[in-house]
Amino acid sequence: MGESTVVTTCTRDCPNSCGLLAHVKDGKIVKLVGNKDNPINQGKSCIKCSHFIERVYHKERVLHPLKKVNGQFEQISWEEALDEIAERMKTICREKSPEAILYYQGFGERSALKLVNRRFFNLLGNTTITKGTICGGAGQGSQDLDFGNRISHDVRDYRNSHSMILWGRNPAATGINVLPYIKDIKKKGGVVILIDPVNTETAPLCSMHVKPKPGTDSYLAMALSRLLHEAGAEDSEFLEKHCINYAEYRKLVYSHTIEEYAAMCDVKIAEIKKIADVLLKQKPTAFVLGWGLHRWEYAHTTLRAIDALGAVAGSIGIPGGGVSQGFEEYAPYDWSVWGDELQPGRRKFFMQLIGPELLAADPAIELAFITAGNPVSMVPDANVTKKAFEKIPFLVVAGHFLDDTGILADIFLPVTTFLEEKDIIASYGHDFIGPLNPVIAPVGECKSDFEIFMELGSRFDFADTYVKSLENWLEIIMRPSLEKGVSLEEIFRLGVNNPDAPEVPYLDRIFPTESGKFQLMTVFEHPAKWDLQYQFQLMSVAPKKWICSEVTLESQTELLEVKINDKIGLALGLVNGKECLVENQFGSIRCTACFVPDQREDLVVIYRGGWGQVGRNVNVLTRGLVTKVGNGTPYYETKVNVNRL
Ligand SMILES: Nc1nc2c(c(=O)[nH]1)N[C@H]1C(S)=C(S)[C@@H](COP(=O)(O)OP(=O)(O)OC[C@H]3O[C@@H](n4cnc5c(=O)[nH]c(N)nc54)[C@H](O)[C@@H]3O)O[C@H]1N2
Ligand SMILES: Nc1nc2c(c(=O)[nH]1)N[C@H]1C(S)=C(S)[C@@H](COP(=O)(O)OP(=O)(O)OC[C@H]3O[C@@H](n4cnc5c(=O)[nH]c(N)nc54)[C@H](O)[C@@H]3O)O[C@H]1N2
Ligand SMILES: [Mo]
């Protein structure tokens, strides 16, 4: 069969969406590396990328459809699997209501063809789907209030920055595309400041690391705004000409002294002054916000205070500036393909409360279909989520591995990885649209979600409008870009910039808000104080070594680590490297204590994504809640105690 190299794109749930080159020898992938021709990652890739080959060929990967019979999985054919699913769906629609069918789409792969998944359920009837998000809703919701639409600066624009504030973001683990710009800014004599309560891998790369009390960044942002105002250095032209609410906002800024703000966010005044000095002298400043900031009930207060600070510092609509949070990864597609307008009044469950929603559902869910998600591991309050999914009479899971959700399936459908697929993918971290060219033939009997839904759809009376070739659907989904002169050939060759995306948003100072102006916040909404009886804020952040819950059983033989300040650990009688118990009102997990000198004393860190079936699911401890703005998920509104065993 010989050797070849295929241009493709990483589709894993990550803001990088790196352009890749896959090297194939005799039908097997032998090397996966960054593509030098890709303008975003320019040949670089992360450690998860090269290790992805192991996942493709892993012995734990499911390669055939499975059906649970008397509690055990048995191999069945695709015919049998899809026939049974179709029959059960038809029976439920006929005898009960399509409402008793739930479609849950996770974030494992968000490519163009995925739009037809939900279309299938919309054609089926008023099935139940999800609302809200377990990822970034709070950021989007908050920035929509201020800017009218969350649009970020493409990473490539950071070549114009003279300073950068990484606020609640950990690119050394989660975003390699930002790293070259951190280096460049420092090389030019600029300053890169990290604001994160946790000691992360990114901290050593930055000029300065400020560690506020978790969830209190709005006070820090206000203190900085006040210092800029006191220095007479606020961007008064932008504030007065292009913003609304400036008088109220200014009053809010002056409602506390610097000393009070410093105490509320627990940052030294000297440090706050140092940041203000950078904002004064190292313009333009790029404010680069991560997803950690979203995970608080009142996250919008923080996000809006930072947006406002961006306005005060003169960063909005300026090359090298901006307050950038993320991108709409579905932006280049034709959203009507989802078909939501077919079912306007349908029932929707909060994704982040899927457990309680299912338990309270009336009519109850009879059949749930999950693609590209592992809600039992990734949604808060996992004990409740698990109980709820166990109670569903018929659960279909389409995925790669028998993770915490997969093992609960009545029918498990094995899907291809992106290396076995033809598709197109946009990104939530930049503006480049990348191709998926099939690198290898599907492993085992795996099929893509697209094939599964086309084959399932062919069993229903809407088949004639729904079942189309892959190329046909891509042309329909990509129409908005194709109409702007982009061709599918170009996309499949290397990829293209989203023709609609500006590199520098709001250059024209026109904002799609009601007022047409940037909308400054006018009230401080105070975060709730949960669980005063527990000692530590639980920061269940993204690990560098793995992504979300894409792990194997083989890699999970040890207990999770809980990172704790060394002096506090000693005072609690813990021993570094030895077992301890992390617990609260929702659940408990055994962990290995990992002492970290100079970690904040009021928090502990446990990485997210482990599986509960081996006692590694941090979400057995997290609170199920929805953010006040943007329907996001405040995982970090969770406190725990750590005890000796
Ligand atoms: N290796 C790897 N890469 C990933 C992922 C992964 O699991 N592993 N996950 C992917 C996904 S789904 C996403 S959404 C992105 C997330 O990418 P990031 O946003 O970079 O990562 P997070 O760990 O979610 O959060 C970043 C930081 O926010 C901090 N933070 C939390 N609360 C606060 C706060 O109140 N104030 C401040 N200042 N900081 C706070 C946390 O301590 C954390 O270090 O990464 C993607 N990339
Ligand atoms: N405690 C805590 N929990 C968190 C977070 C946190 O900060 N703290 N962060 C949250 C965030 S940011 C996110 S985005 C969510 C992620 O939550 P999920 O999206 O539920 O988690 P993943 O692990 O990405 O699950 C994706 C699954 O889909 C499979 N998969 C990949 N590609 C495909 C495909 O094309 N088709 C199908 N059918 N399956 C596929 C993968 O193998 C994997 O099993 O987790 C959240 N959970
Ligand atoms: Mo995410």
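The structure displayed is predicted, hence computed values, not measured ones. Counting starts at 1 for both ligands and their atoms, following the listed order.
Looking at N619 next to ligand 2, an N or O pair under 3.5 Å apart turns up. Residue A372 has at least one nitrogen or oxygen atom sitting less than 3.5 Å from a nitrogen or oxygen atom of ligand 2, judged on distance alone.
Atom 7 (O) of ligand 1 has its closest protein heavy atom at C548 N, 2.9 Å. With hydrogens left out, the protein atom closest to atom 41 (C) of ligand 2 is E550 OE2, 3.3 Å, a heavy atom. Protein heavy atom at the shortest distance from atom 35 (O) of ligand 1 is G215 N, 2.8 Å. In terms of protein heavy-atom proximity, atom 23 (O) of ligand 1 is closest to A542 N, 3.0 Å. In terms of protein heavy-atom proximity, atom 33 (C) of ligand 1 is nearest to W296 NE1, 3.7 Å. Atom 47 (N) of ligand 2 has its closest protein heavy atom at M378 O, 2.8 Å. Nearest protein heavy-atom neighbour of atom 29 (C) of ligand 1: D196 OD2, 3.3 Å. With respect to atom 10 (C) of ligand 1, the closest heavy atom belonging to the protein is D13 O, 3.0 Å. Among protein heavy atoms, atom 16 (C) of ligand 1 sits closest to W291 CE3, 3.8 Å.
Contact annotation for P543 and ligand 1: heavy atoms of both the backbone and the side chain come within less than 4.0 Å of the ligand. Using a 4.0 Å cut-off between heavy atoms, I547 contacts ligand 1 through both its backbone and its side chain. Only the side chain of D217 comes within contact range of ligand 1, with a heavy atom under 4.0 Å; no backbone atom does. At a 4.0 Å heavy-atom cut-off, ligand 2 touches R55 through the side chain alone. Neither the backbone nor the side chain of Y635 has any atom closer than 4.0 Å to an atom of ligand 1 (non-hydrogen atoms only). Residue contacts with ligand 2 for K114 involve side-chain atoms from C-beta outward but no N, CA, C or O (heavy atoms, distance under 4.0 Å). At a heavy-atom cutoff of 4.0 Å, ligand 2 is contacted by the side chain of D403 but not by its backbone. Looking at I134 against ligand 2, both its backbone and its side chain come within 4.0 Å, counting heavy atoms.
With a 4.5 Å cut-off on side-chain heavy atoms, F287 and W167 count as touching. Counting heavy atoms from C-beta on, the side chains of Y181 and V155 come closer than 4.5 Å. Taking 4.5 Å as the limit, every side-chain heavy atom of F432 sits out of range of all side-chain heavy atoms of S427.
For F52 and F418, the gap between ring centers is short of 6.0 Å. Two rings, from F524 and Y219, have their centers less than 6.0 Å apart. Separation of the Y330 and W338 ring centroids falls under the 6.0 Å cut-off. For F453 and F120, the distance between ring centers is under 6.0 angstrom.
Under a 4.0 Å N-O distance rule, the pair R600/D266 qualifies as a salt bridge. Salt bridge status for K59 with E554: present, with a side-chain N to carboxylate O gap under 4.0 Å. A salt bridge links E455 with K447: the closest approach of a Lys/Arg side-chain nitrogen to an acidic carboxylate oxygen falls below 4.0 angstrom. Taking the charged nitrogens against the carboxylate oxygens, K628 and E297 do have a contact shorter than 4.0 Å, which makes a salt bridge. Between D13 and R110 there is a salt bridge, since a side-chain N of the basic residue sits under 4.0 Å from a carboxylate O of the acidic one.
Among E201, M539, K213, K211, the residue whose heavy atom lies nearest to atom 31 (C) of ligand 1 is M539. Nearest-heavy-atom check against atom 28 (O) of ligand 1 across G168, A203, C14, S549 picks out G168. Evaluated by nearest non-hydrogen atom to atom 17 (O) of ligand 1, the leading choice among T174, L166, V178 is T174. Considering each of D404, N374, T622, the one bringing a non-hydrogen atom nearest atom 20 (O) of ligand 2 is N374. The closest heavy-atom contact to atom 13 (C) of ligand 1, among the options Y636, W546, Y428, comes from Y428. For atom 30 (N) of ligand 1, the nearest non-hydrogen atom from the set C46, A221, G292 belongs to G292.
Using a 3.5 Å distance cut-off with no hydrogens or angles, the side chains of R150 and Q325 do pair a donor with an acceptor. Side-chain N/O atoms of Y103 and T371 include a donor and acceptor closer than 3.5 Å.
The distance from the SG atom of C594 to the CG atom of L560 is 12.0 Å, given to the nearest 0.5 Å.
Proximity of P197 to ligand 1 is established by a heavy-atom distance of less than 4.0 Å. Ligand 1 is approached by R608 to a heavy-atom distance shorter than 4.0 Å. At least one heavy atom of R295 sits under 4.0 Å from some atom of ligand 1. Not a single heavy atom of F107 sits less than 4.0 Å from an atom of ligand 1. Taking a 4.0 Å cut-off on heavy atoms, F418 fails to register as neighbouring ligand 2. Residue contacts with ligand 1: Y607 is excluded, as none of its non-hydrogen atoms falls under 4.0 Å.
The only option from K544, E561, K563, K545 that meets the side-chain hydrogen bond (donor to acceptor under 3.5 Å, both in side chains) definition with Y607 turns out to be K563.
Distances below 4.0 Å separate heavy atoms of W167 from the following atoms of ligand 1: 38 (N). Of all atoms in ligand 2, listed by their number and element, those nearer than 4.0 Å to a heavy atom of A398 are 37 (C), 38 (N), 39 (N). Every atom of ligand 2 with a heavy atom of H400 under 4.0 Å away is listed here by number and element: 29 (C), 30 (N), 31 (C), 32 (N), 33 (C), 40 (C), 41 (C), 42 (O). Each of the following atoms of ligand 1 lies closer than 4.0 Å to a heavy atom of G290: 19 (O). The contact set between ligand 2 and C135, taken as ligand atoms under 4.0 Å from a residue heavy atom, comprises 12 (S), 14 (S). Set against the non-hydrogen atoms of V415, the atoms of ligand 2 under 4.0 Å away are 36 (N), 37 (C), 38 (N), 39 (N). Within ligand 2, the atoms closer than 4.0 Å to a non-hydrogen atom of S540 are 1 (N), 2 (C), 6 (C), 7 (O), 8 (N), numbered from 1 in the order shown.
Residue-environment remark: NZ (K114) exceeds the threshold of 12 foreign heavy atoms within 6.0 Å. Atom NZ of K44 has 12 or fewer heavy atoms from other residues, nucleotides or ligands within 6.0 Å. No more than 12 heavy atoms of other residues, nucleotides or ligands shown are found within 6.0 angstrom of NZ on K213.
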Q) How far apart are the C-alpha atoms of E550 and R61, what are their side-chain angles, what is the distance that settles it, and do they pass the salt bridge (charged side-chain N to carboxylate O under 4.0 Å, His left out) test? A) CA-CA 11 Å; E550 291 196 352; R61 182 170 168 199; over 6 Å; no
